[in-house]
Amino acid sequence: MEHVSKNPIGRPARIALCLGLLNAAVFAGVDDGQTRLKWDANGEADLDCYAVYRATESGGPYQKINPTPVRNNEYLDTQLNTDLTYYYVVTALDHQGNESPYSSEVATMPVPASSSEETLPTLFADAGADQDVQTSKLTTLDATASTDTAGLDLVGFLWTQLEGPYVELSDDTSSAPTFVAPVAEEDVLLSFQVTVWNSSLESDVSVPVFVTVHNDWPIPKPQVRVVEPGIPEGTELVNNQVGIDRTIILDGSTSFDPDGKVMAYFWVREDAGPAMELTDDVAAITQGVTPSVDRPMTFTYALYVWDENGAMSSEKIEFVVSPGAPLAKAGPDQTVDTGSLVFLDSSQSSDVDGEIVERMWIQIAGALAPLDDDSATVASFIAPDTTEEILLTFALFVFDDAMNSGSDTVNVTVRPGAVEEMNQAPVAEAGPSIKTKGQLRVTLDGSESYDLDNDLLSYRWRQTQGDPVILNDEDQAVAYFTAPYADDKITLIFELTVSDGVDSHSDKVTVVVLPGRPMAR
């Protein structure tokens, strides 16, 4: 047990914890016949609660004093004798009931309110002056003006961002950390505060410092459309795919400069696929005819734009050219346990010039695993028993209304082990509803999803309502997309499905896109 030095009666004490499950600090504040304990929260995912112990002698024996689990990182101990010194330790418990070792000990003596002496603060945190900076510029936060009028040394700093798009600080425990100002379509406001500690482990929190980020860069907005009969201006691509010998429109006309105007455009092909000649690669809007391909191929173009001051920005856009056959998607490879219910999902298959009218799943390698329905969009089977790791391979064939076909394969690795007698289904948490404005990045956060068996979860985001958007990282816990511009309020709904390899669960989140562009702050 680490030795604890006594602090003056009525003054907070801050002692380092040695918890194994957390590294933190305990604060003890005294008042009339009571002691308030507070410690830094543990950030580990499997933390369940805390337990608080008390003794009347240093080093114990300690007795647990909280009748119910402590879910927050603080506790109020009441009805104490004001002439005794009390010694406290804290432990952390996980969901399985495992308990950490005791923290370091903190000692307090409650005193009557009438005998407490008011102590004027001597430590003053200063986060520096407000700043105006440009996007992409290296910016420094400065707390070096913080001071302790009692002459105590400043021994610690901790910066916290309060507002604005997240930025990564070079060192959030430095007195003067740096960060790169984010790129934004309009001016954005960031705010920070700093907590400062002196050598007596007293702390003070500064008032916020504000950093206004101005955008001097043009914003490229490339779009791709396909010309349809009677619609020369083009329509959006279905599933971002287009067939061969189709006229493609590359449109950068919605690019803009927040503090001026776009003066020049340049379209650059960035993949190594078959050539597609553009009518004018320095025009805001240009066209090309998709070439012949023998398989689906991704075409990538970058749009470069310049403003009147010579500032340049670029943005990429991609689309897939398909030879006319439907595109089969058998889903990602999987690793499962013996006895698990396995799903084979072909729902991402598509056909750019028709519709898929038939599907067929066939096992082509590995121990026999009969499918429940080999013509279903989502087929399933029970992973066979095995004493060693085995590989199963399934082929998916899809047919369109012209009887063109496409195929894909998926591998399923089956790990050995006994079938669990009971599995608890995971719980999907798609997060709270979101309000945003057009052209802003929206983050869908399913990281609060959990599995009571602590099984490894897989994630799948999909949009179920509203104007289609392009989802990024749709198979991750956190996905994101760019909200579409809206003249009127629109509602988008997204569904998150999590699976532990046996059972799955879904949850939905609503995103409301308000009309207009984001306002400068």
Side-chain angles (χ1 to χ4, degrees), residues 133-137 164-165 180-188 212-227 231-237 240 242 246-271 276-290 298-321 436-443 467-472 480-488 490 492 513-521:
V133 300
Q134 303 298 327
T135 59
S136 303
K137 300 300 182 182
V180 177
V183 175
E185 294 184 2
E186 298 180 355
D187 290 357
V188 296
T212 303
V213 181
H214 301 287
N215 184 5
D216 282 344
W217 303 92
I219 306 297
K221 292 290 181 181
Q223 302 177 23
V224 60
R225 301 190 300 275
V226 59
V227 174
I231 312 178
E233 67 275 14
T235 62
E236 292 185 1
L237 274 60
N240 206 39
V242 64
R246 303 294 298 275
T247 299
I248 283 290
I249 298 174
L250 299 178
D251 186 353
S253 62
T254 58
S255 304
F256 67 97
D257 185 57
D259 56 1
K261 61 181 180 179
V262 176
M263 302 298 294
Y265 303 82
F266 186 33
W267 295 91
V268 178
R269 177 79 176 274
E270 293 203 339
D271 63 272
M276 186 179 83
E277 185 176 351
L278 299 180
T279 55
D280 187 352
D281 61 6
V282 294
I285 302 176
T286 187
Q287 295 185 0
V289 177
T290 56
T298 299
F299 285 57
T300 304
Y301 282 86
L303 172 61
Y304 292 79
V305 295
W306 287 262
D307 65 13
E308 65 267 38
N309 297 317
M312 180 271 289
S313 300
S314 66
E315 183 70 30
K316 294 181 181 179
I317 192 168
E318 294 183 343
F319 56 91
V320 176
V321 177
T436 186
K437 287 196 173 183
Q439 312 301 320
L440 291 182
R441 172 169 164 159
V442 179
T443 298
D467 297 340
V469 301
I470 297 175
L471 269 177
N472 298 278
Y480 66 94
F481 65 94
T482 300
Y485 177 78
D487 291 322
D488 297 306
I490 61 175
L492 313 176
V513 182
L514 302 175
R517 299 186 184 280
M519 298 296 292
R521 299 199 63 168

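Hydrogens, waters and symmetry mates are skipped; everything else that's a heavy atom, side chains included, is used. Here the structure is a predicted model, which means the values were calculated and not measured.
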Study note, to complete from the structure: Note: Ser313 and Pro218 closest approach over all heavy atoms is OG-O, 2.9 Å
Check your understanding: Should Thr298 and Asp271 be marked as a side chain to side chain contact (heavy atoms under 4.5 Å, CB included) after you check the CA-CA gap, both sets of side-chain angles, and the distance that decides it?
Key -> CA-CA 8 Å; Thr298 299; Asp271 63 272; over 6 Å; no
Check your understanding: Going by heavy atoms in the side chains, are Phe481 and Ile470 under 4.5 Å from each other?
Key -> no
Review point. Phe266 vs Tyr304 aromatic rings, parallel, tilted or perpendicular, using cut-offs 30° and 60°?
Key: tilted
Review point. What distance separates Leu303 CG from Lys316 NZ, expressed to the nearest 0.5 Å?
Key: 13.0 Å
Point to revise | Option from Lys221, Gln439, Gln223 for which side chain to side chain donor-acceptor pair (under 3.5 Å) with Thr254 holds | key: Gln223
**Study point:** Nearest-0.5 Å distance, CG of residue Asp251 to CH2 of residue Trp267
**Key:** 7.0 Å
Review point. Can you find a heavy atom in the side chain of Pro484 that is under 4.5 Å from one in the side chain of Val469?
Key: yes
Exercise for review: Decide side chain to side chain contact (heavy atoms under 4.5 Å, CB included) for Val226 and Thr235; before the verdict, give the C-alpha distance in whole Å, the side-chain angles of both, and the deciding distance to 0.1 Å.
Suggested key: CA-CA 5 Å; Val226 59; Thr235 62; 3.9 Å; yes
Check your understanding: Leu250 versus Ile285: any side-chain heavy-atom pair under 4.5 Å?
Key -> no
Check your understanding: Roughly how far apart are Ile219 CD1 and Asp257 CG, rounded to 0.5 Å?
Key -> 7.5 Å
Review point. For the atom pair CG (Leu278) and CZ (Arg269), what is the distance rounded to the nearest 0.5 Å?
Key: 8.5 Å
Review point. Side-chain contact, heavy-atom cut-off 4.5 Å: Val513 with Leu492?
Key: yes
Exercise for review: Would you name the heavy atoms of Pro515 and Lys437 that are closest together and state the gap between them?
Suggested key: O-CE, 4.0 Å
**Study point:** Under 3.5 Å donor-acceptor, Thr279 side chain and Gln287 backbone
**Key:** yes
Practice item. Please check if the side chain of Asn240 supplies one atom and the backbone of Glu318 the other of a donor-acceptor pair under 3.5 Å. Key: yes
Practice item. For Tyr301 and Met276, run side chain to side chain contact (heavy atoms under 4.5 Å, CB included): C-alpha distance rounded to whole Å, both residues' side-chain angles, the deciding distance at 0.1 Å, then the answer. Key: CA-CA 11 Å; Tyr301 282 86; Met276 186 179 83; 3.3 Å; yes
**Study point:** Any side-chain heavy-atom pair of Val227 and Ile249 under 4.5 Å
**Key:** yes
Review point. Given side chains that start at C-beta, do those of Tyr265 and Ser255 come closer than 4.5 Å, heavy atoms only?
Key: yes
Exercise for review: For residues Ile317 and Pro222, report the shortest heavy-atom separation together with the two atoms involved.
Suggested key: CD1-O, 3.5 Å
Practice item. Ignoring hydrogens and angles, tell me if any N or O in the side chain of Thr286 forms a donor-acceptor pair with the backbone of Asp280 under 3.5 Å. Key: yes
**Study point:** side chain to side chain contact (heavy atoms under 4.5 Å, CB included) evaluation trace for Asp187 with His214
**Key:** CA-CA 5 Å; Asp187 290 357; His214 301 287; 2.8 Å; yes
Point to revise | Test item: Arg441 side-chain N/O and Tyr480 main-chain N/O as donor-acceptor pair under 3.5 Å | key: no
